[in-house]
2 protein chains.
Amino acid sequence: MAEDDPQQDEHGAGRRLRADARRNEDAVLEAARVVFAEHGVDAPVREIALRAGVGMGTLYRRFPTRADLVAAVFRREVDACAAEAQALAAAHPPLAALVRWLRRYSGFIGTKRGLSAALHSGDPAFDTLPDYFRERFTPALAGLLETAVAARQIRAGVDPYDLLRAIGNLSVATESGGADHTGRMIDLIVDGLRFGADG
Amino acid sequence: MAEDDPQQDEHGAGRRLRADARRNEDAVLEAARVVFAEHGVDAPVREIALRAGVGMGTLYRRFPTRADLVAAVFRREVDACAAEAQALAAAHPPLAALVRWLRRYSGFIGTKRGLSAALHSGDPAFDTLPDYFRERFTPALAGLLETAVAARQIRAGVDPYDLLRAIGNLSVATESGGADHTGRMIDLIVDGLRFGADG
DNA sequence: TGATAAACGGAGCGTCGCTCCGTATATGCA
DNA sequence: TGCATATACGGAGCGACGCTCCGTTTATCA
């Protein structure tokens, strides 16, 4: 990857940020991630700036709106979760990698309660999020599924996006339900995938 | 109805408000309805108080939270919409009453964009709204359906809540779609109901 | 027709998202 | 390396928000 190349803009476009600007953008995103996780997405921007060690001006130059910051953090977390699919695939047998990633994904969805409210707020900053979500997660899961199919550990013909939605719904709805109810439901679904596999 | 009896509390519980208090509560609800319709549910409370000709203290004594006010207005509008079912049933033949009410209901849902965001906000003031919605609308529609079935104008066996959800979804999703797209979809559904009716 | 409980009203508090602009510094050229 | 300058920083401050507080007014009833 060329992400460490200071000449290379993170988003590919013609921007070229000063080194301190890049550092601060990163610090803000990381601080926002932590603060949102601790206090919810309604946490004040000031607190994020404080935690990032950055002034309000700096923060708002990069993220013109509160919603832009929320959306950026969300995209970052989607990227991180999707990227783990490859890491897990490299470190585990196909079926184990699949199960681990589904749990990871479920955990990701389960902690994003405030986000569903944001998505329905009508703020244009969130308009592209559903597509982003789908574009990143579908190939990630598709890769895991194909590998497991090729190893004859699960059956073929499962649509990745269907599975994402199913487990997503499971994970959102589950607030109560006792010890790892969602985990057991995931196991159940995976067993369903295994049924009819060749090996 | 006994609603005009000043001894009778609106909600049945043991409260007995002073006459001015009752007047003001009503003025606030009506003002809030208008302001929310004009400027969305995010409209400032001050504007509602101003329009109602009432001080902030008065408003907040009755509705301790912004969300409480929003919820109260919503319940009021649900009541009004549900009550129209009986009025329409008295004024029109069964099938016509049914169609008119479905359009009325569709219009109600269609103007409640901001509300779906509120429902997902997690504010406890909204917790009981889904149940309220269902408890009021299901019998209202059930009555219309039964009358039309008895007149052999539609077939039996249609679940009122299913129909509420179906038309609700139609009405929410439709922002674009051209002239009265939702209306045509309702007609389509009604034709489906008529299919197989005896008369 | 007072006495009094009940209700009113709006100035003001704390906080929010966001802006503005004087200051600091990373960068490219000599 | 030293300088000029575009670039970025930081935080006081603005307007608006939800909500509270409490001195004033009024409906109620003996």
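Chain naming here is simple, since letters A, B, ... match the order of the sequence lines and numbering starts at 1 in each. Bear in mind the structure is a predicted one, so any value in this text is a computation, not a measurement.
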Novice: Quick check on the hydrophobic clustering: are A:L102 and A:F195 connected, directly or via other members, by side-chain heavy-atom contacts under 4.5 Å?
Specialist: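 No, it is not one cluster - the side chains of A:L102 and A:F195 are not joined through contacts under 4.5 Å.
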Novice: I'd like to know if the side chain of B:Y161 reaches the main chain of B:R134, judged simply by a donor and an acceptor atom lying under 3.5 Å from each other, with no hydrogens or angles considered.
Specialist: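 Such a contact is absent between B:Y161 side chain and B:R134 backbone.
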Novice: In whole Å, I'd like the distance from the CG atom of B:L17 to the P atom of D:dT28.
Specialist: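 Checked: the CG to P distance equals 11 Å.
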Novice: Mind listing the N/O atom pairs, protein and nucleotides 19-25 of chain D, below 3.5 Å?
Specialist:
from   : atom 1 : to    : atom 2 : distance (Å)
D:dC19 : OP2    : B:Y60 : OH     : 3.2
D:dC19 : OP2    : B:R66 : N      : 2.6
D:dC19 : N4     : B:R46 : NH1    : 3.4

Novice: Grab the CG-P distance between B:D123 and D:dG18 for me, whole Å please.
Specialist: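 To the nearest whole Å, that distance equals 13 Å.
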Novice: Parallel, tilted or perpendicular, judged at 30° and 60°: which one describes the rings of A:F133 and A:F74?
Specialist: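 Aromatic pair A:F133/A:F74 classed parallel.
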Novice: Over how many whole Å does the gap from A:L59 atom CG to D:dG11 atom P extend?
Specialist: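 Between P of D:dG11 and CG of A:L59: 13 Å.
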Novice: Mind running side-chain hydrogen bond (donor to acceptor under 3.5 Å, both in side chains) on B:Y132 and B:D79 for me, showing each step along the way?
Specialist: CA-CA 9 Å; B:Y132 193 87; B:D79 289 346; 2.6 Å; yes
Novice: Give the cluster check for B:F63 versus B:V34: same hydrophobic cluster or not, with ILVMFWY residues linked at side-chain heavy-atom distances below 4.5 Å.
Specialist: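 Per the 4.5 Å side-chain linkage, B:F63 and B:V34 are not co-clustered.
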Novice: Roughly, in whole Å, what's the span from CG in A:D20 to C1' in D:dA6?
Specialist: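 That distance rounds to 12 Å.
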Novice: Would B:D26 and B:R62 satisfy salt bridge (charged side-chain N to carboxylate O under 4.0 Å, His left out), going step by step from the backbone distance to the final call?
Specialist: CA-CA 10 Å; B:D26 210 70; B:R62 212 67 62 204; over 6 Å; no
Novice: It should be established whether A:N24 places a side-chain nitrogen or oxygen under 4.0 Å from OP1 or OP2 of nucleotide D:dC9.
Specialist: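 For D:dC9, OP1 or OP2 has a side-chain N or O of A:N24 closer than 4.0 Å.
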Novice: Give a yes/no on whether any side-chain N or O of B:R16 is located under 4.0 angstrom from OP1 or OP2 of D:dT28.
Specialist: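 Checking D:dT28 against B:R16, no side-chain N or O comes under 4.0 Å of OP1 or OP2.
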Novice: Find the distance A:E47:CD to C:dC16:P and express it as a whole number of Å.
Specialist: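 Those two atoms, CD and P, are 9 Å apart.
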Novice: B:I48 CD1 to C:dG10 C1': how many Å, rounded?
Specialist: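 Roughly 17 Å, once rounded to whole Å.
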Novice: Between B:D42 and B:A19, who's closer to the 5' end of DNA chain D by nearest nucleotide?
Specialist: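 Its nucleotide being nearer the 5' end, the pick is B:D42.
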